[in-house]
There are 2 protein chains.
Amino acid sequence: MKDNVIIDNLVQELKRGTLVLAVLLNSSKPSYGYSMINTLKDLGIEIEQNTLYPLLRRLEKQGLLESSWDTTDSRPRKYYIISEMGKGIRDSLYNEWNKTNKVIETMVVKGE
Amino acid sequence: MKDNVIIDNLVQELKRGTLVLAVLLNSSKPSYGYSMINTLKDLGIEIEQNTLYPLLRRLEKQGLLESSWDTTDSRPRKYYIISEMGKGIRDSLYNEWNKTNKVIETMVVKGE
DNA sequence: TATGATAGTGTGTGATGTACAGTATTGTCA
DNA sequence: TGACAATACTGTACATCACACACTATCATA
């Protein structure tokens, strides 16, 4: 049972950084929080509302996303789109992520 | 200048979880802290002593690594090797890591 | 009419890489 | 031979963020 706790913790740590990249990649076109949760879920990324909404707000605060309200529908929705600054950071983060991946793959191949 | 701070933070977050996987992958054969730093550096993973030594101790405490002192040389060295439990967790973590990677690659391809 | 779905806000907690600080000894170089 | 870099390790506080908990509000459906 303890193994699961350790794995869950480690997987959660893996998510840090990765979630940001996933959200930035998903924000090339405008999308709103609740919809993004379903989109990411379909892609294989399980994320709770309690995690995504604060993340969106933090990324906007940091200037990586821009938001606008759409109140024309019966339900008001906050749309997010990546900013120019966000695009630069997304690309840098993706490069770092890629480098890390190549390293891990190299180690996996060597390790066996 | 602020961009760099954000990127540095995000890259650090990326490391969380990834470092654990890298260390577990690197511990199929016994190796000691100081040497591991150089090995990982050569592979492209920059890690400080202040980060690696506590990490090794934590992983041992969690039962993922086993250690033994080698005092035959002029310098005593603490060798670490992955435990059976650690192998299970390494494999699980690698699977999760792989899943996440496929998702990110899918998003990258779709995003453009 | 009740409840699930839809859509969002607010805030505290636990885990971990980093940073700072330290000890100790060996090996190398001037 | 002394200074210093390299080698090898331990201890601890801090910043950050996914998660968890709590909440509001309204629409759609049974």
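Numbers restart at 1 for each chain; the letters A, B, ... are given by sequence-line order, proteins then strands.
Nearest-nucleotide mapping onto DNA chain C: of K78(A) and Q12(A), the residue sitting toward the 5' end is K78(A). Residue Y79(A) is the one, among Y79(A) and V20(B), whose nearest nucleotide of DNA chain C lies closer to the 5' end (criterion: closest heavy atom).
In this structure, P76(B) and T71(B) approach most closely via the heavy-atom pair CB-CG2, 3.9 Å. The minimum heavy-atom distance between I6(B) and Q62(A), with the atom names listed, is CD1-O, 3.7 Å. When all heavy atoms of E46(A) and K15(A) are compared, the pair lying nearest together is O-NZ, 2.8 Å. Scanning both residues, R90(A) and L21(A), for their nearest heavy atoms gives O-CD1, 3.9 Å.
Taking a heavy-atom distance under 4.0 Å as the criterion, the stretch of DNA chain C touched by chain A extends 5' to 3' from dA5(C) to dT16(C).
Sorted by residue number, the list of members of residues 93-101 of chain B with any non-hydrogen atom under 4.0 Å from DNA chain C is empty. Contacts between residues 54-61 of chain B and DNA chain C, defined by a heavy-atom separation below 4.0 Å, involve L55(B), R58(B), listed by number.
In this structure, N50(A) atom CG and dC17(D) atom P are separated by 18 Å, rounded to whole Å. Residue D73(B) contributes atom CG, which lies 13 Å from atom P of dT7(D) at whole-angstrom precision. The CD1-P distance, from I47(A) to dC19(D), rounds to 7 Å in whole Å. Distance R16(A) CZ to dC17(D) P: 7 Å, rounded to the nearest Å. Rounded to an integer number of Å, the gap from CG of L14(A) to P of dA18(D) is 13 Å. As rounded to whole Å, 20 Å separates atom P of dT12(D) from atom CD of E48(B). Rounded to whole Å, atom P of dA6(D) lies 7 Å from atom OH of Y34(B). Spacing between atom CG of N9(B) and atom C1' of dA15(D) amounts to 8 Å, rounded to whole angstrom units.
A donor-acceptor pair shorter than 3.5 Å cannot be found between the side chains of E66(A) and S83(A).
Judged by atom type and distance alone, Q49(B) reaches the base of dC9(D) through a side-chain donor-acceptor pair under 3.5 Å.
No donor-acceptor distance shorter than 3.5 angstrom exists from the side chain of S35(B) to the backbone of S31(B), with no hydrogens or angles considered. Between the side chain of Y53(B) and the backbone N or O of Y34(B) there is at least one donor-acceptor pair closer than 3.5 Å. Under the 3.5 Å distance criterion, the side-chain polar atoms of T51(A) are left unmatched by any main-chain donor or acceptor of I47(A).
Ion pair E105(A)/K102(A) not flagged as a salt bridge, since none of the NZ, NE, NH1 or NH2 atoms sits closer than 4.0 Å to an Asp/Glu carboxylate oxygen.
Listed pair R77(B) / dA8(D) meets the phosphate criterion, a side-chain N or O lying under 4.0 Å from OP1 or OP2.
Here S74(B) lies in heavy-atom contact (under 4.0 Å) with sugar-phosphate atoms only.
Rounded to the nearest 0.5 Å, atoms OH (Y80(B)) and CG (N26(B)) are 13.0 Å apart. Taking CD1 from I104(B) and CG from L19(A), the interatomic distance works out to 8.5 Å, rounded to the nearest 0.5 Å.
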Worked check of salt bridge (charged side-chain N to carboxylate O under 4.0 Å, His left out) between E84(B) and K87(B): CA-CA 5 Å; E84(B) 287 305 312; K87(B) 288 173 186 173; 3.0 Å; yes
